[in-house]
Amino acid sequence: MAIPITILDCDLLLYGRGHRTLDRFRLDDVTDEYLLSTYGFPRPFIDYLVELLGGSLSRPTQRSRAISPETQIMAALGFYTSGSFQTRMGDTIGISQASMSRCVTNVTEALVERAPQFISFPHEEAPVQKLKDDFYNLAGVPGVLGVVDCMQVTIKAPNAEDLSYVNRRGMHSLNCLLVCDAQGVLLWAETQRPGSSQDNIVLHQSELSCLFETKMHKEGWMLADSGFLLRPWLMTPVQIPESPQEYRYNMAHTATHSVIERTQRALRHRFRCLDGSRATLQYSPEKSSQIVLACCILHNIALQHGLDIWCEAGCTALEAEEDCNNMEAVETEAYRMRQELVLTHFS
């Protein structure tokens with residue numbers, strides 16, 4: 001005899017048949033002010049995401065209450081921008097924690113699939129030259145293709161205790177390598193490294209290092225702080241400046257490199273799930289890494305839509321200054337190139 005199987009709807013069990021859930025109304029049902037205050041983005045931005053991701057989020061299902069792409073995107077944006085745990089944010093928008101988790105996972109994966117479309121270094125001559133010109137206009141440092149730094153993002157302790165994720169402050173985290181242009185557009189994002197890794201090691205083991213070692217070094221260099229080793233394609237400050245030229249170079253270097261610091265603050269401010277002062281990402285390192293990358297992609301899309309990302313609002317930063325002892329003990333060619341830069345452009 002066949003045994004009937006009941007398929008339980010999580011949202012139905014949690015809220016009952018009379019509850020109005022987000023997948024039952026359209027974006028047109030809410031005001032622009034509500035979208036901006038609740039999800040942090042205006043209607044045209046959300047419309048663009050629905051068009052961009054709709055195909056990936058519209059999966060065949062036998063459920064009559066399948067969550068629409070619009071609702072999945074709004075749920076994920078709510079989580080990214082609020083920093084709330086899924087249960088709390090799910091209650092706010094009217095879906096269960098299980099549904100909220102599916103929405104965040106689906107939208108995150110759909111965004112990560114499109115990472116090369118939104119985060120990449122230019123390769124054509126004209127865009128590369130524009131990179132250099134924009135940076136030069138900031139403080140007069142020539143040849144700059146990007147500014148690089150690492151950002152710590154707290155996560156929950158992995159199921160299998162792994163001390164490699166414990167950072168210098170005793171918290172579990174990811175150490176994310178980011179590069180941006182003069183406007184704060186991210187050109188590179190590697191988000192999977194464990195929090196105990198030193199910034200310089202993260203860069204040394206990255207695909208970005210390989211890219212500059214083999215190709216991009218002929219075009220120019222990036223700027224990094226003293227937590228990184230000086231290389232022919234990576235200009236760092238002079239640790240102990242002695243001449244007026246070296247002081248001027250350091251001042252210009254600091255002014256230019258500050259763009260990546262402001263970009264990190266903007267990321268933490270807009271995407272509160274990355275702001276460790278509120279809560280940690282309650283996911284595995286692998287999924288947390290994807291969420292960070294998804295936020296980086298949304299950051300660039302926001303810039304494409306003309307949304308202001310600069311903010312001076314403070315966040316509790318996890319990163320401490322790296323131990324810079326002996327960082328200057330590097331190859332002679334890199335030191336020679338920096339000295340030439342200092343003497344030629346800052347005399």
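Index from 1, following the sequence.
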Full working for salt bridge (Lys or Arg N to Asp or Glu O under 4.0 Å) between E261 and R265: CA-CA 6 Å; E261 298 164 3; R265 288 199 298 271; 5.0 Å; no
Are F45 and Y39 near enough that their ring centres are under 6.0 Å apart? no
Under the side-chain contact (heavy atoms from CB on, under 4.5 Å) test against F135, which residue among V144, V141, L223 passes? V144
In Å and rounded to the nearest 0.5 Å, what is the SG to CG distance from C150 to L174? 11.5 Å
Any side-chain donor-acceptor pair under 3.5 Å between Q290 and S288? no
Let me see the working for T191 and S289 under side-chain hydrogen bond (donor to acceptor under 3.5 Å, both in side chains), right down to the final yes or no. CA-CA 5 Å; T191 60; S289 171; 2.7 Å; yes
Give a yes or no on whether the backbone of V128 and the side-chain of H123 come within a donor-acceptor separation of less than 3.5 Å. no
If every non-hydrogen atom of G227 is compared with every non-hydrogen atom of N200, which pair is closest and at what distance? O-CB, 3.4 Å
Output yes when a side-chain donor or acceptor of R193 lies under 3.5 Å from a complementary backbone atom of Q205, and no otherwise. yes
Among side-chain atoms of T236 and S226, is any donor-acceptor pair under 3.5 angstrom? no
From CG (D149) to CG (D199), nearest 0.5 Å: 6.0 Å
Would the distance check show the side chain of H299 and the main-chain N or O of F271 forming a donor-acceptor pair, the cut-off being under 3.5 Å? no
Whether N167 side chain and S173 backbone form a donor-acceptor pair below 3.5 Å: no
Are the side chains of P285 and I155 in contact, using a 4.5 Å heavy-atom criterion? yes
Determine whether the side chains of K287 and T105 contain a donor N or O and an acceptor N or O closer than 3.5 Å. yes
